[in-house]
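As structure tokens, the structure follows; a few thoughts come after it.
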Amino acid sequence: MTSWLVGLGVFLFHLGGAISAVLALMSSRTSQGAVAWIISLVTFPYAALPAYWVFGRPRFYGYVSARGEHDTALRRVLERYRPLIAPYLADSRRGNVRAVERLAMMPMTSGNRAELLIDGDETFDSLFQGIADAKEYILIQFFIVRRDRLGIELKNRLERQAARGVRIYFLFDEIGCRGLTDGYLDDLRRAGVEVSAFNSSRGLRHRFQLNFRNHRKVMVVDGQYGWTGGLNAGVEYLGEDPRHGPWRDTHLKLSGPSVLGLQEAFWEDWYWATGKVLALTWKPEVTCTECQNVIIVPSGPADPQETASLLTQHSIHSAQHRFWVTSPYFVPDQGVQDALRLAALRGVDVRVMIPERPDHLLVFLSAFSFLPDMLRAGVKIYRYQPGFLHQKVTLIDDHSAAVGTVNLDNRSFRLNFELTAFIPDRGFAEEVEAMLERDFERCREVTLEELERRPLWRKLVSRAAYLMAPVQ
């Protein structure tokens with residue numbers, strides 16, 4: 001009897017591995033990922049089969065289904081609010097931004113003000129002032145919230161506003177916030193804050209979709225002011241973690257019609273997590289005198305296109321004389337790698353700023369496998385020296401810049417829910433240029449010689465790590 005059960009178990013594992021291999025062949029978004037999963041599922045299904053159903057599926061089918069469901073619930077609200085921004089729609093025929101609009105499935109709006117927030121103190125001063133100024137509601141979402149000095153201060157400020165009657169909706173990622181205690185969340189709930197995890201595994205059909213994380217950082221106050229960017233809520237983002245040292249990051253404060261794009265992204269996430277349609281303000285407010293055009297670009301594994309990767313490639317191809325980008329994790333897909341090399345070959349000043357100090361060893365090692373080809377094509381690689389670099393910023397020529405949550409790796413391109421503010425404005429691009437020039441002064445440039453001098457074992461380790469890039 002025992003041997004019969006063992007045989008049946010072996011048969012079911014191999015059958016499940018074969019079926020899953022077919023699914024991987026038909027649905028994986030990269031050839032590398034498909035090959036890796038197929039070989040693993042066919043040759044050793046005992047470990048690969050559960051891993052595939054937790055980490056391998058390329059689309060968040062639950063969220064796709066929810067989008068279909070909210071055609072009746074959310075769509076009615078969208079149909080009422082979209083006409084309100086019609087007076088603020090900007091001309092997307094100029095500046096090569098039509099493709100950005102179509103990827104975002106949101107329009108470019110005028111009447112906005114974008115304010116750079118550099119590093120943690122400046123960012124949280126602005127966020128906390130926004131919380132204090134709220135009159136009707138606060139939407140707040142982080143990938144990581146720590147129960148440390150900063151996280152507790154955030155909680156206390158939200159509780160005080162809730163006591164004043166401000167509606168507060170607090171959304172967090174259950175994996176990013178796995179260290180957050182029930183006591184922290186219960187305190188918020190008792191104060192009147194509505195709290196929800198993103199719940200990527202909600203429902204029996206989607207129980208194994210643990211790989212799809214909500215990496216967005218969004219705060220919206222009264223539908224008038226919004227914030228997004230690289231910072232989470234923890235003291236390391238203030239540079240107080242000795243392991244990382246000084247923390248270099250960039251956030252963004254927005255006012256104007258573009259805030260409704262941030263609000264819509266949060267609104268959809270909240271609907272997925274809770275099934276509730278939030279009653280919010282959808283009338284645009286314009287307060288700026290020198291206004292800017294902005295496109296809010298949500299991206300994620302429920303999109304019909306690979307939004308984040310295509311946005312990056314489009315930005316590179318659009319550059320005529322300069323493309324600067326910063327990312328803490330630099331393992332781009334082949335399309336982005338090719339675009340960077342081609343841009344450098346046609347004479348564009350292509351610079352990539354990455355950390356000197358890694359906080360994710362596998363990603364750090366992966367980059368060394370393709371950096372030599374980048375350098376040979378003329379791409380310049382810089383490593384930030386003072387501490388950990390976490391900002392996600394792009395500069396295109398002297399006319400456009402972007403700030404958001406997207407890292408240049410497979411996870412951000414295909415697995416995470418992310419958000420980017422794309423700003424085709426010369427004045428804002430000048431501010432970003434000045435900021436990045438100060439950062440480059442604190443970097444060292446990587447040379448081809450130093451990479452070629454690495455011992456063979458390090459080259460082999462880097463190549464092996466890179467083979468895992470599709471599932472990192």
Side-chain angles (χ1 to χ4, degrees), residues 29-32 94-100 103 305-356 363-384 389 391-402 406-410 412-414 420 422 424 426 429-430 432-433 436-437 439-441 443-454 459 462-463 465-467 469-470:
R29 291 192 174 188
T30 66
S31 58
Q32 303 100 312
R94 295 180 296 174
N96 206 16
V97 297
R98 189 64 175 269
V100 181
L103 283 170
Q305 306 287 343
E306 293 180 355
T307 303
S309 177
L310 290 175
L311 175 64
T312 303
Q313 292 179 59
H314 175 69
S315 300
I316 298 167
H317 291 310
S318 298
Q320 298 299 309
H321 63 84
R322 171 170 57 198
F323 182 82
W324 295 355
V325 65
T326 72
S327 176
Y329 313 114
F330 184 61
V331 193
D333 58 27
Q334 195 63 50
V336 172
Q337 289 185 40
D338 292 344
L340 288 168
R341 288 199 296 266
L342 282 169
L345 289 169
R346 69 174 191 265
V348 175
D349 175 18
V350 180
R351 302 187 194 182
V352 179
M353 189 188 308
I354 55 179
E356 182 72 77
V363 174
F364 177 77
L365 291 172
S366 297
F368 288 97
S369 66
F370 58 83
L371 286 184
D373 288 340
M374 291 277 183
L375 294 172
R376 292 187 190 101
V379 176
K380 300 171 186 174
I381 309 294
Y382 293 83
R383 291 199 172 276
Y384 186 75
L389 178 85
Q391 62 176 331
K392 305 96 164 51
V393 176
T394 302
L395 178 64
I396 306 164
D397 294 335
D398 58 357
H399 56 69
S400 300
V406 176
N407 298 309
L408 296 185
D409 65 2
N410 182 65
S412 275
F413 285 167
R414 296 182 175 85
T420 302
F422 186 89
R426 290 182 179 273
E430 288 177 4
V432 171
E433 177 187 1
L436 293 182
E437 283 183 337
D439 291 335
F440 281 122
E441 290 173 359
C443 294
R444 71 172 183 88
E445 187 171 355
V446 178
T447 65
L448 183 60
E449 291 72 23
E450 72 175 270
L451 296 182
E452 291 180 336
R453 284 198 305 267
R454 290 177 302 148
K459 294 178 181 179
S462 295
R463 192 62 189 171
Y466 180 59
L467 292 178

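All residue numbers in this chain count up from 1 along the given sequence. Model, not experiment: these values are computed from the prediction.
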Which atom pair, heavy atoms only, marks the closest approach of [X] to [Y]?
X    : Y    : result
S412 : A308 : O-CB, 3.9 Å
P355 : S327 : CD-O, 3.7 Å
V348 : A319 : CG2-O, 3.7 Å
T307 : L103 : CG2-O, 3.8 Å

Sequence neighbours left out, what passes side-chain contact (heavy atoms from CB on, under 4.5 Å) with [X]? Give chain and number order.
X    : result
Q320 : D397
E430 : none
A377 : R341, L345
A429 : L395

Hey, what do you get for [atom1] ([X]) to [atom2] ([Y]), rounding to the nearest 0.5 Å?
X    : Y    : atom1 : atom2 : answer
H317 : T312 : NE2   : OG1   : 10.5 Å
Q305 : L311 : CD    : CG    : 12.5 Å
F422 : H314 : CZ    : NE2   : 6.0 Å
Q313 : Q337 : CD    : CD    : 10.5 Å
D409 : R414 : CG    : CZ    : 10.0 Å
L310 : D333 : CG    : CG    : 8.5 Å

What verdict does the side chain to side chain contact (heavy atoms under 4.5 Å, CB included) test give for W324 and V393, after you've listed the backbone C-alpha separation in whole Å, the side-chain angles of each residue and the deciding distance to 0.1 Å?
CA-CA 8 Å; W324 295 355; V393 176; over 6 Å; no
Is the shortest side-chain heavy-atom distance between [X] and [Y] below 4.5 Å?
X    : Y    : value
F413 : E306 : no
T326 : Y384 : no
F330 : L371 : yes
H321 : D398 : yes
L340 : I316 : yes
I396 : F323 : yes
K380 : V352 : no
L389 : P328 : no

Counterpart residues, salt bridge (Lys or Arg N to Asp or Glu O under 4.0 Å), relative to R444 (two or more places apart)
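R444: salt bridge (Lys or Arg N to Asp or Glu O under 4.0 Å) contacts with E356, E450.
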Sorted by chain and residue number, the salt bridge (Lys or Arg N to Asp or Glu O under 4.0 Å) partners of E445 (sequence neighbours excluded) come out as none
What residues, two or more places apart in sequence or in another chain, satisfy side chain to side chain donor-acceptor pair (under 3.5 Å) together with D373?
R376
According to side chain to side chain donor-acceptor pair (under 3.5 Å), who are the partners of S315, at least two apart in sequence or on a separate chain?
none
Salt bridge (charged side-chain N to carboxylate O under 4.0 Å, His left out) pairs, two or more places apart, involving residues 310-321
none
Which pairs count as salt bridge (charged side-chain N to carboxylate O under 4.0 Å, His left out) when at least one residue sits in residues 315-332, sequence neighbours excluded?
R322-E433
May I have the step-by-step check of side chain to side chain contact (heavy atoms under 4.5 Å, CB included) for Q391 and D439, ending in yes or no?
CA-CA 11 Å; Q391 62 176 331; D439 291 335; 2.9 Å; yes
